[in-house]
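Working notes for the structure below.
Chain A is the first sequence line, chain B the second, and so forth, proteins listed ahead of strands; every chain is numbered from 1.
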Protein chains: 2
Amino acid sequence: MPRAGLTTERVVAAAADLADEVGFENVTVSALARRFGVKDASLYSHVRNLGDLRTRIAFLAGGEMIDRIAAAVAGRAGKDALAAFADAYRAYALEHPGRYAATQIRIDQALVAESPALRRTAEITYGMLRAYGLTEPDLTDAVRLLRSTFHGYCALEATGAFAAPRDVRRSWDRAIDALHVSLTHWPPEEEPHD
Amino acid sequence: MPRAGLTTERVVAAAADLADEVGFENVTVSALARRFGVKDASLYSHVRNLGDLRTRIAFLAGGEMIDRIAAAVAGRAGKDALAAFADAYRAYALEHPGRYAATQIRIDQALVAESPALRRTAEITYGMLRAYGLTEPDLTDAVRLLRSTFHGYCALEATGAFAAPRDVRRSWDRAIDALHVSLTHWPPEEEPHD
DNA sequence: GGCTGCTTCCTAGATCTCCTAGGTTTCTGC
DNA sequence: GCAGAAACCTAGGAGATCTAGGAAGCAGCC
């Protein structure tokens, strides 16, 4: 019998495709084995367990995503860069819902710290904000605001939470406009009252 | 042997508590039955299946959440109302992570339409924005922006995605400030270019 | 070619999950 | 005190994760 030629990389890539097709939470070792025409026990030579498989999908997706964002942002600054970042972010989330969902799982902080992709993501995000002239801690606050809005919008859109008869793409553009306004008129921090 | 006294309501309430303790995705019919000291098959008299149980948790949580938000917003307007809404939203999400996660599942649109809690949520959200003087379609765009930011922030915070050494509560307050700025300087819609 | 050894893949099985079908037992209302 | 309606049970199928240990394909080396 010829072998399927499994490797960790190929298994994870197939798992990511599977996630996009059936949803991240429906990625199962058995289904993945079926896809390769192999018994499920065979996959445990390449992946420690289901949790390991999931985090590997997450890192794969995180790398792919930041590559696309970086390419979109390159050579732009200010609102131009913001819009390019945002559009690349949302495009990836819509094209690869399963992969995108993987990027939202809780991951061991030690693994995160030594991930080149996540470091690169932070660099590019902070770099994109440079034109707005913010300094710490405003910079971190602004990054958190952007991440929240981007992720929240994509998550809600993906679950069909935007039911109103208004084009979802238009609302997205307006959200970017609004964020740009916030960043250019970044409010000074008030002393915490009472 | 005395009976456990199960009803659909009690089952769902216990499931919601379980979700807050072990995470929404770890809510299982078996674990719930164990909690009641009952065989898992017994629960299927009160709940159709796991999916039904999950959506019931979602509606329970959605109702609780909007009640707390409504109480917080009552009698306030403008930025005051915005901050009260946001803080009540985040407080609920942090206190009840399992319940909150339930509110984010995909739910049949027909069920959503006839849900009083969700209708109330829409009313209160749109009402809170009244002071900003927006009209459609800007109003819907603004609501989508707020929902996205609130949900995204809580989701990212819950998964430990905010690792930087900056107080998470402070960043939240700044995000609200920034949203207020956006709403008061809501940008006019540009004609879609090219 | 043939041998050695690593890697790949398998069989077998324990344990957990969801869910159905149909039977008993407890409680409630008359 | 006795129907009838719940509540709860046993039994069992299907499918999931994961382990332990065995067999079979594919290198490189003589």
Assert yes or no for the condition that the ring centre distance of [X] to [Y] is strictly below 6.0 Å.
| X | Y | answer |
| --- | --- | --- |
| A:Phe162 | A:Trp172 | no |
| B:Tyr100 | B:Phe24 | no |
| A:Trp186 | A:Tyr132 | no |

Looking at A:Tyr92, is A:Arg99 sitting on its ring face, NZ or CZ under 6.0 Å from the six-membered ring centre and within 45 degrees of the normal?
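No, cation not above the ring by the 6.0 Å, 45° rule.
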Check every atom of D:dT10, C:dT11, C:dC19 against the side chain of A:Lys39 and return the nucleotide holding the closest atom.
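Nearest to the side-chain atoms of A:Lys39, counting from C-beta on, is C:dT11.
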Nearest-nucleotide pick for B:His46, side chain only, options being C:dT17, D:dC8, C:dT20:
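From the listed options, D:dC8 comes nearest.
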Roughly, in whole Å, what's the span from [atom1] in [X] to [atom2] in [N]?
| X | N | atom1 | atom2 | value |
| --- | --- | --- | --- | --- |
| A:Leu50 | D:dT17 | CG | C1' | 8 Å |
| B:Asp52 | C:dC18 | CG | P | 14 Å |
| B:Leu53 | C:dC18 | CG | C1' | 12 Å |

Has [X] got a side-chain N or O lying under 4.0 Å from the OP1 or OP2 atom of [N]?
| X | N | answer |
| --- | --- | --- |
| B:Thr28 | C:dC16 | no |
| B:Arg54 | C:dC18 | no |
| B:Arg48 | C:dC18 | no |

Name the nucleic acid region contacted by A:Ser45, choosing base, sugar-phosphate or nothing; use a 4.0 angstrom heavy-atom cut-off, strictly under.
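Base contact.
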Tell me what B:Ser42 touches on the nucleic acid: a base, only sugar-phosphate, or nothing, going by heavy atoms under 4.0 Å.
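Contact class for B:Ser42: base.
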